[in-house]
Amino acid sequence: MDDDTASMIHRRSGGNPFFVRELARLVAAGSDLSAVPAGVRDVVKYRLSRLPAEVQSVLRTASVAGESFTLDVAGSLDAVEVAVQHGFLVEVAAQEFRFSHALVRDTLYQDLSQTRRAHLHLAVGSALERARPDDVAALAHHFSLASDPRAAGYARAAASLAEARFDFGEAARLWRIALASASADRLELIMGLVRALSFTGSLGQARELRASALDLLDPVDDPELAARVIASFDVPAIWTTPDDPALAARVVAVTERVLPSVTSASRSRLLATIAMELRSSGGHRAVAAASEAVAIARTLDDPAVLAFALNAQFMQSFSRAGLAPQRVRIGTELVDVASRNSLVTFEVLGHMILMQAHSALASFAEADTHAAEVTRLGRDYQLPLAEVFVQWYRALRTSVAGGDAALLYRAAFLAGTEMPGLGDGILSFALLCHQLRNGLPVSRDLDFGVYEPWCRPGGVIPPSPHDLLFEARTCLHAIAAVERGDRESMAELYDVLLPAAGELAGAGSGLLTLKPVAYYLGELARGLGRHREAAQHDKQAAALATP
């Protein structure tokens, strides 16, 4: 059997040969190892029946407390000592005990009726509340299983503590307990769950819940509550295309409505929210919102507010081609602020921004360093989306080096992100760029999704949205204009691309890349009869550092 199964058997059996054999039978039968084998249950119940009634009662209460417990929860010391003498319990330290085997505890617990379990969870929770009121996670657990309304407050406190230690999976579980137990403050509890799910990579669920929060918020005439609910979603974002434009529009509408009624810190968060939600489609309003959010944040002594505002500023750093140096500055400040203040998720974001921006500048030694940091932090703090973006980056690096990137691209795509803004046609777009960059046979019969007008140009090609893929789309547009001999488009595209002459086309996305922008400027200049400029661009393209 595999190591994980063997470890599970060892933990649950405590090395007892009989228990090991019975658990091995479960494995052989393909059954769930969390179950208690029938033979073990029969033996434990027989041995339990020979104990005094008071000892049996204490053991049942202890099984509800968990595999380990303290005397103030279990009750009678005399009864506990008898259970120790008969091998049911082990004394760990003064006042502290544990079950001799996990299977013994599980047998006792599973043999309780639902009503008895609820009754005992309430008793254990009440005892814990008196003895250790700060043990909020345990109190949330026991009161929730007792269907006691006190579970909501304790679960909320425990969820906040879990988020503070970056255990977002546990935080999501606790927010769910709080929601199931609460009769008030449900909006803020929903947003807590939305935030935790976003960090665990469950973006689809997060979007659905966020929409439900807006539904609850619509009839409420309370600007401060609305501001708190909106501002609670301060989740870092790297991709410049919205996943749900309709939901984003709803968030912006509510935010604009309450904006005049809030304090400076809330105003910075709300302005940053506007810039984050509008992303590449917000025009002057979004750019102005991001700038004001950063300006306000710099006057406050709140690193989290500044980090969120810098994220918004990054989202609005695509107004024209060639702004990778600006994004280097944003990413550098974000890493500095976040690392000094233990804002790990924003530190990951800063390294991602620097990974992208240095890729655009063909500074791959620096980009590699930041990719390694993204991997390290994502692994240490269980942030699954971080490594997905690094997988895409590795495919890009392989393409730039002239290697076979196709398999890496497919693997990165299959890893998934639950981000519709990243998914629609992006794999085909990446493969096309890889083929064009490396002179490979070009596949135009792929599903390019929203990238269709640039990847398989037919009629009129629209201007590219101003986002992470702006230079890549615009260079494909340039190729089509040269092939068509469309001098008006060539002249316009030349002016648009010129500020990015020192960048790799598309590499700023951290996902894909064409040749250097200078190469396409050279093609445009030749098509316009500007041969001296074309020669200069050719030289620049050849000199652009690549691995």
Q | Residues in side-chain contact (heavy atoms from CB on, under 4.5 Å) contact with A157, at least two apart in sequence or another chain | A | V136
Q: Check P325 against G322 and note the closest heavy-atom contact, atom names and distance.
A: CD-O, 3.6 Å
(Q) Would you say CG of D215 has more than 12 non-hydrogen atoms from neighbouring residues, nucleotides or ligands within 6.0 angstrom? (A) yes
Q.
Return the CG to OG1 distance between L514 and T474, rounded to the nearest 0.5 Å.
A. 10.5 Å
Q: Not counting sequence neighbours, which residues clear side-chain contact (heavy atoms from CB on, under 4.5 Å) with A321? List them please.
A: F470, E471, A500
Q.
Which residues pass the salt bridge (Lys or Arg N to Asp or Glu O under 4.0 Å) test with R285, not counting sequence neighbours?
A. E256
**Q.** With R228 via side-chain contact (heavy atoms from CB on, under 4.5 Å) - residues at least two apart
**A.** E188, E224, L225
Q) Residues in salt bridge (Lys or Arg N to Asp or Glu O under 4.0 Å) with D380, at least two apart? A) R376
Q) To the nearest 0.5 Å, how far apart are CG in L493 and CG in L498? A) 12.5 Å
**Q.** S339/E347 under side chain to side chain donor-acceptor pair (under 3.5 Å): CA gap, chis, key distance, verdict
**A.** CA-CA 6 Å; S339 61; E347 186 179 357; 4.9 Å; no
Q | For R526, salt bridge (Lys or Arg N to Asp or Glu O under 4.0 Å) partners two or more places apart | A | E523, D538
Q: Measure the spacing between OH of Y451 and CZ of R456 and express it to the nearest 0.5 Å.
A: 15.0 Å
Q.
Strictly by side-chain hydrogen bond (donor to acceptor under 3.5 Å, both in side chains), give each pair with a member in residues 398-413 just once, sequence neighbours left out.
A. S399-H434, S399-N438
Q: Not counting sequence neighbours, which residues clear ring pair (Phe, Tyr, Trp, His ring centres under 6.0 Å) with F199? List them please.
A: F168
Q: Could you list the residues that satisfy ring pair (Phe, Tyr, Trp, His ring centres under 6.0 Å) with F448, not counting sequence neighbours?
A: none
Q.
My understanding is that only residues two or more places apart in sequence, or in another chain, count here; which of them pass salt bridge (Lys or Arg N to Asp or Glu O under 4.0 Å) with R473?
A. D467
Q. What residue pairs, at least two apart or across chains, pass side-chain hydrogen bond (donor to acceptor under 3.5 Å, both in side chains) with a residue in residues 291-306?
A. R267-E292, R298-E333
Q. When rounded to the nearest 0.5 angstrom, what distance separates CZ in R279 from CG in L468?
A. 10.5 Å
**Q.** Contacts of H477 that satisfy ring pair (Phe, Tyr, Trp, His ring centres under 6.0 Å) - sequence neighbours left out
**A.** none
Q | Point-to-point distance, once rounded to the nearest 0.5 Å, from CD1 of I230 to OG1 of T255 | A | 3.5 Å
